[in-house]
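Read through the structure below, which is laid out as C-alpha cells, and then see the notes.
Both backbone and side-chain heavy atoms feed into the values below; hydrogens, waters and symmetry mates do not. FYI, the numbering just counts along the sequence from 1.
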Amino acid sequence: MSSRKFLDLIPTALAAATALLYLSSNAYSASPSSGPVLRATTAFVAPMTRATTPGMTPAPRSAVAQARTDHALEALTSVVHPLSHHDALRDAFQSYFAFDLAHPGEVRKPYLYFVDYGLSSATPRGYVFDMSALKIVDGPFMVAAGRGSAPNAHGIPTHFSNAFGTATTSLGLYVAQELYRFTGHAGGAAYHSVGLRLAGVSGQFNNNARARGVVAHGAPYVTATRAGRSEGCPAMAPGRARELLPKLANGSLVFLFAPDSNWMANDPWLPTG
C-alpha cells in the first residue's frame, strides 16, 4: 500500500475509534462526554457538509456528533410528542451537537430551546432540554410564531423568511445571547417582559435575526391555551419567560424547526442525507 493511501485511511480509522470510545463511555455515564480527546479527534477527522455563507464554518459530520445525537434520541424521543415530522427532533439534536463540536467556546450552557413550528398555534410546541442530563427542563408549552408566517392566529406557519420587515419566523439554529428589558405592544397597549437576544447561525436562513430584533421574550398573548402571533419572535408566556430565559442566556442554543423542504436541504447544520 502506498504511503498516500495509508494516510488517507487515518481519518476513517480515527472516526471509527472515536465513535467506539464515545459509545463505550456511555455504558458508565448517562450524559454525552465532551472531553478534550473527543473534541480534538473530531476536529481532525470531521469532514464538512456543504458550502455555506462566506465566513461561516460548515457543520462537522463526525461519528461523535452522530453518536451523541442517537444517544439523545434514545433518551428523549418517547417523551416528546407530537412532532410535525419524523426528523424534527433528530435535526434539532444533530444541529446542537454539530455546532457544539465546531464552536465549543460559544456553547457555554447545556440547554436547547426547541420549537416545532410544523404544529398549529393551538398545539404546545416548545421545549427546553438539558442536553447534558438528557432530560426535559420544561415543555411542551405554547410558543408564538411570526404573524407573517401563519395565515391566522390558529393555523400552522407556512411562510418563513430572513428578510427585514416581514414579521416572519426564521428557521434554523441560534446562539442565545444577553438578557434585556423587552417592551412590546399587544391590544393597543405597551407591556414589558424579559427579552433574550438571539444570533442566527444558519446562514441565509436567520443571520439577520439580531438586526431584525428577533428575540425570545415573554408576551401576554401567549397563554396556556393559545399562542398568538409575534413579529417573528419565538415568544412564550410571561411567567415562563422569567423562569426559562435567564437559564438560556449567554451560551445556550435555540432551534426553530418546520418541515420546510428548502431549509431542511440547505441549512448548514443539518445532515445532507
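Note: L112 CG to D130 CG = 10.5 Å, rounded to the nearest 0.5 Å. For the atom pair CE of M142 and OG1 of T123, the computed distance is 6.5 Å after rounding to the nearest 0.5 Å. Here the CZ-OG distance, from R125 to S120, works out to 7.0 Å after rounding to the nearest 0.5 Å. One distance of note links CG of L179 with CZ of R242; it measures 13.5 Å at 0.5 Å rounding. If you take CG on D116 and CG on D91, they are separated by 10.5 Å, rounding to the nearest 0.5 Å. Rounded to the nearest 0.5 Å, atoms CG (L196) and CG (N250) are 8.0 Å apart.
Note: F182 and Y191 have tilted aromatic rings, judged against thresholds of 30 and 60 degrees for the angle between ring planes. Using cut-offs of 30° and 60° on the angle between ring planes, the pair F257 and H85 is tilted.
With a 4.5 Å cut-off on side-chain heavy atoms, F93 and L76 count as touching. Residues D100 and R68 are in side-chain contact: their nearest non-hydrogen atoms beyond the backbone lie under 4.5 Å apart. Residues P157 and T169 have side chains not in contact (no heavy-atom distance under 4.5 Å, counting atoms from C-beta outward). Between N207 and N162 the shortest side-chain heavy-atom distance falls below 4.5 Å. N266 places a side-chain heavy atom less than 4.5 Å from the side chain of N262. Two residues are said to be in side-chain contact when any heavy atoms from C-beta on lie closer than 4.5 Å; L119 and P124 fail this criterion. Y180 is not listed as a side-chain neighbour of V194, based on a closest heavy-atom distance of 4.5 Å or more. By the 4.5 Å heavy-atom criterion applied to side chains, I136 and V79 are counted as neighbours.
Between the side chain of Y113 and the main chain of P234, a donor-acceptor pair closer than 3.5 Å is present. In this structure, the side chain of N206 engages the main chain of L173 through a donor-acceptor pair within 3.5 Å. The backbone N or O of A65 sits less than 3.5 Å from a side-chain atom of T69, completing a donor-acceptor pair.
With sequence neighbours excluded, the residues satisfying side-chain hydrogen bond (donor to acceptor under 3.5 Å, both in side chains) with D138 are R240.
Residues F141 and I156 fall into different hydrophobic clusters, defined by Ile, Leu, Val, Met, Phe, Trp and Tyr side chains chained together at heavy-atom separations under 4.5 Å. Both V143 and V80 are members of a single hydrophobic cluster when ILVMFWY side chains are connected at heavy-atom separations under 4.5 Å. Note: the hydrophobic cluster containing L198 also contains Y111 (ILVMFWY, side chain heavy atoms under 4.5 Å, direct or indirect links).
Within a 6.0 Å sphere centred on CD of E106, other residues, nucleotides and ligands contribute more than 12 heavy atoms. Under a cut-off of 6.0 angstrom, the local environment of NZ in K109 is crowded, with over 12 non-hydrogen atoms contributed by other residues, nucleotides or ligands.
Y96 has its ring centre no less than 6.0 Å from the ring centre of F129.
A ring-ring contact (aromatic ring centres under 6.0 Å, His included) with W263 holds for exactly one of F160, Y117, F255; it is F255. V128 pairs in a side chain to side chain contact (heavy atoms under 4.5 Å, CB included) with only one of the listed residues (L245, L248, V254), which is L248.
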- Task: Would you sort out whether L253 and V175 count as a side chain to side chain contact (heavy atoms under 4.5 Å, CB included), showing the intermediate values?
- Result: CA-CA 5 Å; L253 298 184; V175 177; 3.8 Å; yes
task: Report the C-alpha separation of H71 and F97 in whole Å, then their side-chain angles, then the decisive distance to 0.1 Å, and conclude whether the side chain to side chain contact (heavy atoms under 4.5 Å, CB included) test is met.
output: CA-CA 11 Å; H71 186 55; F97 291 121; over 6 Å; no
When you look at H192 and R181, which way does the side chain to side chain contact (heavy atoms under 4.5 Å, CB included) test go after all the steps? CA-CA 7 Å; H192 301 285; R181 180 175 170 81; 3.3 Å; yes
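Residues S84 and P259 share a closest heavy-atom pair of OG-CD, 3.6 Å. Considering all non-hydrogen atoms of both residues, G172 and D267 come closest at CA-OD2, 3.6 Å. The minimum heavy-atom distance between F114 and A92, with the atom names listed, is CD1-CB, 3.6 Å.
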Identify each donor-acceptor pair in which a side-chain atom of residues 209-225 lies under 3.5 Å from a protein atom, sequence neighbours left out, and give them as a table.
| residue | atom | partner | partner atom | Å |
| --- | --- | --- | --- | --- |
| R210 | NH1 | Q177 | OE1 | 2.6 |
| R210 | NH1 | E178 | OE1 | 3.0 |
| R210 | NH1 | E178 | OE2 | 3.4 |
| R210 | NH2 | E178 | OE2 | 2.7 |
| R212 | NE | A163 | O | 3.2 |
| R212 | NH1 | S161 | O | 3.2 |
| R212 | NH1 | S170 | OG | 2.7 |
| R212 | NH2 | T168 | O | 2.9 |
| T223 | OG1 | T225 | N | 3.2 |
| T223 | OG1 | T225 | OG1 | 3.4 |
| T223 | OG1 | R226 | N | 3.2 |

